[in-house]
Peer 1: 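Sharing a structure below in structure tokens format, with a few things to ask.
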Amino acid sequence: MRPAPRPRQRSSPAGGLPPVTQAVILAGGQGSRLRPYTDDRPKAMVEIPGTGTPIIGHQLAWLADEGVTDVVIVLGYLAEVLQEWLENADLPLNVTTVVESEPLGRGGGLKYAAASLPRPDEPWYALNGDVWARFSLQEMALFHQERAALATLALARPRVPWGVVKTDAFGHIIDFVEAPPSPYEINAGVYVFAAGFADLLPERGDHERTTLPHLAREGRLAGFSLSQGMYWRTLDTAKDLTEAAKELAALGAPRAAET
């Protein structure tokens, strides 16, 4: 465990409910689509160009800015590379790492990590290790609490990777639109979970195929739609990294955990 050298003040979200101050990051993936960048490092250790900081550093900084004080990171592929970075980084919060001896799947990984959360009787956030976002997690936590959900997913509308064609009722082409937002929302890989949610997770496997569909049928699953101005993207390919660097430069890159 690495203690935070710069403790942050805990603030309550709007509505006076207790803030969510703990989180899990799933960072054990190989990132095969990011090779050769991931030949010698896990996906979460790939740097966003121009920032000098790996994906995990940006995630930790974002969580700290949102009031999180404790994070458990699940490691797997080349775990020692990420552990070494954590040992030398100037971290803004407390970090504990757990290492999978074999792949457990995302649901199994969440359950494994949740056992190391410092406050099991409180809610917690979770992130996929390839997500970079900038929106209010505190607003998402309030949304989750107001709906008495057991789990809340951030929902995003990624851009269609192709130009699309619009036609009228007679089949005439009336416009071309380059890379528009998808008409469908997807799981953005950012979650708020209620205390005790880990008991519902599988020991091994994907929670999207087991736990979440069950909660949806029970009406205990909520979706927090990311509105315009809420920045989100996944970092799956070299092109994603390049585009993220351009977008962050335009937005003004946030402070990240530093080495």
Side-chain angles (χ1 to χ4, degrees), residues 1-2 22-48 54-60 62-63 68 70-87 89 94-118 120 124-133 150-154 156 158 186-193 196-216 221 232-238 240-241:
M1 179 174 178
R2 173 68 181 267
Q22 55 187 357
V24 166
I25 299 177
L26 296 174
Q30 293 187 23
S32 57
R33 286 186 289 179
L34 271 171
R35 286 181 173 152
Y37 299 106
T38 53
D39 285 345
D40 61 355
R41 68 195 63 193
K43 190 176 187 179
M45 280 300 297
V46 173
E47 292 186 3
I48 298 177
I55 297 168
I56 191 74
H58 292 283
Q59 291 183 322
L60 292 174
W62 177 42
L63 289 170
V68 173
D70 297 273
V71 173
V72 180
I73 304 176
V74 187
L75 308 179
Y77 174 68
L78 295 177
E80 65 279 2
V81 176
L82 204 156
Q83 287 174 320
E84 182 179 0
W85 182 84
L86 290 170
E87 290 171 1
N94 300 312
V95 173
T96 300
T97 60
V98 294
V99 181
E100 295 178 346
S101 58
E102 58 181 338
L104 299 176
R106 287 183 299 171
L110 287 170
K111 189 180 188 75
Y112 182 44
S116 295
L117 288 170
W124 45 292
Y125 298 119
L127 310 179
N128 290 344
D130 59 358
V131 167
W132 170 231
L150 286 175
T152 296
L153 287 61
I186 66 166
N187 179 356
V190 181
Y191 307 87
V192 185
F193 295 136
F197 174 78
D199 294 338
L200 305 176
L201 288 166
E203 296 287 342
R204 186 185 304 271
D206 192 342
H207 58 299
E208 287 192 19
R209 297 185 178 183
T210 55
T211 308
L212 297 187
H214 178 72
L215 291 181
L221 184 65
W232 170 91
R233 76 155 45 245
T234 57
L235 300 168
D236 288 324
T237 66
D240 291 334
L241 292 173

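Residue numbers start at 1 and run along the sequence shown. All values below come from the heavy atoms of this structure, side chains included, with hydrogens, waters and symmetry mates left out.
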Peer 1: Under the side-chain hydrogen bond (donor to acceptor under 3.5 Å, both in side chains) test, which residues partner Tyr191, sequence neighbours left out?
Peer 2: Asn187, His207
Peer 1: Sequence neighbours excluded, which residues qualify as side-chain hydrogen bond (donor to acceptor under 3.5 Å, both in side chains) partners of Asp206?
Peer 2: Arg106
Peer 1: Between Val98 and Ser116, which heavy-atom pair has the shortest distance, and what is it?
Peer 2: CG1-OG, 3.5 Å
Peer 1: CG of Leu127 to CD1 of Ile55: how many Å apart, nearest 0.5 Å?
Peer 2: 12.0 Å
Peer 1: Just how far is it from atom CG of Leu201 to atom OG1 of Thr210, taken to the nearest 0.5 Å?
Peer 2: 7.0 Å
Peer 1: For Glu102, check side-chain hydrogen bond (donor to acceptor under 3.5 Å, both in side chains) against everything at least two apart and list the hits.
Peer 2: Arg204
Peer 1: State, to 0.1 Å, how close Ala27 and Leu82 come at their nearest heavy-atom pair, and which atoms those are.
Peer 2: CB-CD1, 4.1 Å
Peer 1: For Glu208, does the CD atom sit with more than 12 other heavy atoms under 6.0 Å from it, leaving out its own atoms?
Peer 2: yes
Peer 1: Which residues pass the side chain to side chain contact (heavy atoms under 4.5 Å, CB included) test with Pro118, sequence neighbours left out?
Peer 2: Gln22, Asp70
Peer 1: So, Glu100 side chain and Val74 main chain: donor-acceptor pair closer than 3.5 Å or not?
Peer 2: no
Peer 1: Check whether any side-chain heavy atom of Val24 lies under 4.5 Å from a side-chain heavy atom of Phe193, and answer yes or no.
Peer 2: no
Peer 1: Between Lys111 and Ala198, what is the shortest heavy-atom contact and its length?
Peer 2: NZ-O, 2.8 Å
Peer 1: Do Val72 and Trp124 have side-chain heavy atoms sitting under 4.5 Å apart?
Peer 2: no
Peer 1: Is any side-chain heavy atom of Leu60 closer than 4.5 Å to one of Ile25?
Peer 2: yes
Peer 1: Atom OG1 in Thr152, atom CZ in Phe197: separation rounded to 0.5 Å?
Peer 2: 10.0 Å
Peer 1: Mind listing the closest non-hydrogen atom pair of Ala188 and Val131 along with its distance?
Peer 2: O-CG2, 3.4 Å
Peer 1: Who pairs with Val99 by side chain to side chain contact (heavy atoms under 4.5 Å, CB included), at least two apart in sequence or on another chain?
Peer 2: Leu75, Ala79, Gln83
Peer 1: Determine whether Ile56 and Val71 make a side-chain contact, defined as any pair of heavy atoms from C-beta on separated by less than 4.5 Å.
Peer 2: no
Peer 1: Who pairs with Thr211 by side-chain hydrogen bond (donor to acceptor under 3.5 Å, both in side chains), at least two apart in sequence or on another chain?
Peer 2: none
Peer 1: If every non-hydrogen atom of Ala23 is compared with every non-hydrogen atom of Leu117, which pair is closest and at what distance?
Peer 2: O-CD2, 3.8 Å
